[in-house]
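Data first, discussion second: the structure below is written as structure tokens.
Order of appearance sets the numbers: ligands from 1, and atoms from 1 within every ligand. This chain uses plain numbering: 1 for the first residue, then up along the sequence. Heavy-atom basis, side chains included; hydrogens, waters and symmetry copies ignored. Treat the numbers as computed from the prediction; the structure is a model and nothing was measured.
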Amino acid sequence: MSKSAASDATARYRPETRLVHSGTLRSEFGETSEALFLTQGYVYDSAEQCEARFKGNEPGYIYSRYSNPTIAMFERRMMELEGAEAARAAATGMAAVTTAILAPLKTGDHVVASKALFGSCRYVVEDLLPRYGIESTLVDGLDLEQWRRAMRANTRSCFLESPTNPTLDVLDIPAIAEIAHQAGARLIVDNVFATPIWQSPLQLGADVVVYSATKHIDGHGRCLGGVILASQDFISEHIHNFMRQTGPSMSPFNAWVLLKGLETLAVRVRAQTDNAARVAEALAQHPKISRLIYPGREDHPQAALVKKQMRAGSTLVGFEVKGGKPAAFRFLNGLRLSRISNNLGDAKSLVTHPATTTHQRLTPEARAELGIGEGFVRFSAGLEHADDLIEDLYAALQQA
Ligand SMILES: Cc1ncc(COP(=O)(O)O)c(C=O)c1O
């Protein structure tokens, strides 16, 4: 295996170029498209070589739970895109989130997180950690004073997502990073909704970034994956050994699919963001919509912050259909082009009713506190023509 001619110097290129070339390793066959190393293990020329690999005295692959050339290409491409020193790929977004949060902690530590989290992330912070004697405090992520007040001497990590799922609030990453650092804690950011194209949390002061690669990075609804990006020290000290021994590793096949997804990520995210903006514009004044939230609009509650920390809005739009759950369901059932799903970031437009799916685990009061009403709908813009999407949404709203 050799590095491609371009890959030595790819970090200096712009994101679009890095998405196509970073991390490429070429085998002796000189393939254009990255090879899929669908292998569990590796063979050695001698017992001495095998011993040297295990002792870490000779570079090379040992077992695909630890490392694999196709996964290494995916990790390298993500690192260069994100501007991170190191990365580890995981089987799913939740494997990445759980590992990034849990692996560095021990009994007696404390975590502060924003309340507005994807349901499974909130489960990890709220239910799982306390079972192992790791306390957690949930705060209103928009309220910096709440973050400040929640910090304790034993606070080790802060965790947030921005824009939030599904209400698309935008949290002040530099300010929260500063609060965390002053308390001696790290900030972990789930950057799924922003995508690496529109927001770079490490450059905003965060210490760790996690992705569900299942979403925009694949972008075609094919496979699951996740990735943790951080400093070399954080990955070496906390993540590498945990993943090696406990095994939430990515499949080489999925790494290969995701590498191909990365090649078109910038083009897709831009087109999907344009579609989301068109849909938001078309729905904002619709008489059957009581509230619309889109991070690219001037009427977004944190519009100034969006301009400061994001390069553009989002591929997602949130809105409240008047008439609660019955009206929202009539609307969803009336759609012919956009499909009902709990997923997002796909080439196909997808529509979700969070109260009965991604956030059904929460009590109605907890949902209300987050602004997830019974009529709230999350729209993930795909790559269809915006006019077709808008016509479909309007037709369905007539039935709501
Ligand atoms: C914000 C966010 N974080 C994490 C995840 C988990 O990712 P995965 O489904 O790949 O485990 C999801 C979606 O499922 C998500 O929307």
Side-chain angles (χ1 to χ4, degrees), residues 71 74 78 87-102 113-128 138 141 159-171 173 187-199 201 206 208-229 243 247-251 253-255 257-258 261-262 265 269 272 276 295 310 314-318 340-346 350-362 370 372 376-381:
I71 297 171
F74 170 71
M78 282 303 304
R88 280 307 308 264
T92 64
M94 282 321 302
V97 169
T98 308
T99 302
I101 295 179
L102 189 63
S114 159
K115 272 180 205 163
L117 294 178
F118 169 60
S120 300
C121 298
R122 189 155 158 168
Y123 162 81
V124 170
V125 172
E126 203 175 15
D127 296 4
L128 188 70
L138 291 174
F159 179 65
L160 65 85
E161 59 184 43
S162 181
T164 59
N165 178 11
T167 47
L168 306 175
D169 290 325
V170 173
L171 275 53
I173 295 175
L187 176 63
I188 305 170
V189 173
D190 180 338
N191 206 35
V192 164
F193 270 49
T195 83
I197 303 303
W198 296 147
Q199 184 169 268
V208 182
V209 179
V210 286
Y211 285 102
S212 164
T214 314
K215 314 299 181 211
H216 304 83
I217 292 175
D218 175 13
H220 299 77
R222 297 165 294 193
C223 68
L224 294 111
V227 61
I228 306 167
L229 299 124
M243 292 195 71
S249 327
M250 178 178 274
S251 136
F253 181 79
N254 288 4
V257 172
L258 296 166
L262 283 175
L265 181 70
V269 166
Q272 287 170 252
M310 297 182 72
S314 168
T315 65
L316 293 127
V317 185
I340 303 167
S341 173
N342 47 301
N343 211 359
L344 62 100
D346 200 284
L350 301 174
V351 192
T352 306
H353 184 248
T356 52
T357 58
T358 52
H359 291 70
Q360 56 88 18
R361 201 184 66 83
L362 301 182
L370 295 173
I372 307 170
F376 192 83
V377 170
R378 183 187 79 190
F379 176 80
S380 168

Nearest protein heavy atom with distance in Å, relative to [atom]:
{"atom": "atom 4 (C) of ligand 1", "answer": "D190 OD2, 3.6 Å"}
{"atom": "atom 10 (O) of ligand 1", "answer": "T214 OG1, 2.5 Å"}
{"atom": "atom 16 (O) of ligand 1", "answer": "N165 ND2, 3.4 Å"}
{"atom": "atom 9 (O) of ligand 1", "answer": "K215 NZ, 3.7 Å"}

Ligand 1-proximal atoms of E161, by part, heavy-atom distance under 4.0 Å: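 For E161, the contact with ligand 1 is made by the side chain alone.
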Do the side chain of [X] and the main chain of [Y] share a donor and acceptor less than 3.5 angstrom apart?
{"X": "R122", "Y": "K115", "answer": "yes"}
{"X": "H216", "Y": "F193", "answer": "no"}
{"X": "D346", "Y": "G221", "answer": "yes"}

Set of residues satisfying side-chain hydrogen bond (donor to acceptor under 3.5 Å, both in side chains) with respect to S212, sequence neighbours excluded: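 S212 satisfies side-chain hydrogen bond (donor to acceptor under 3.5 Å, both in side chains) with T214 once adjacent residues are dropped.
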Minimum heavy-atom distance between L350 and L344, given as atom pair plus value: CD1-N, 4.1 Å
Under 4.0 Å to a heavy atom of M94 - the qualifying atoms of ligand 1, by number: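 Near M94, meaning under 4.0 Å from one of its heavy atoms, ligand 1 has 6 (C), 7 (O), 8 (P), 11 (O).
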Counterpart residues, salt bridge (Lys or Arg N to Asp or Glu O under 4.0 Å), relative to K215 (two or more places apart): none
Any N/O pair G93/ligand 1 closer than 3.5 Å: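 So ligand 1 has an N or O lying under 3.5 Å from an N or O of G93.
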Under 3.5 Å: N/O of C121 near N/O of ligand 1: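 No, C121 has no N/O under 3.5 Å of an N/O on ligand 1.
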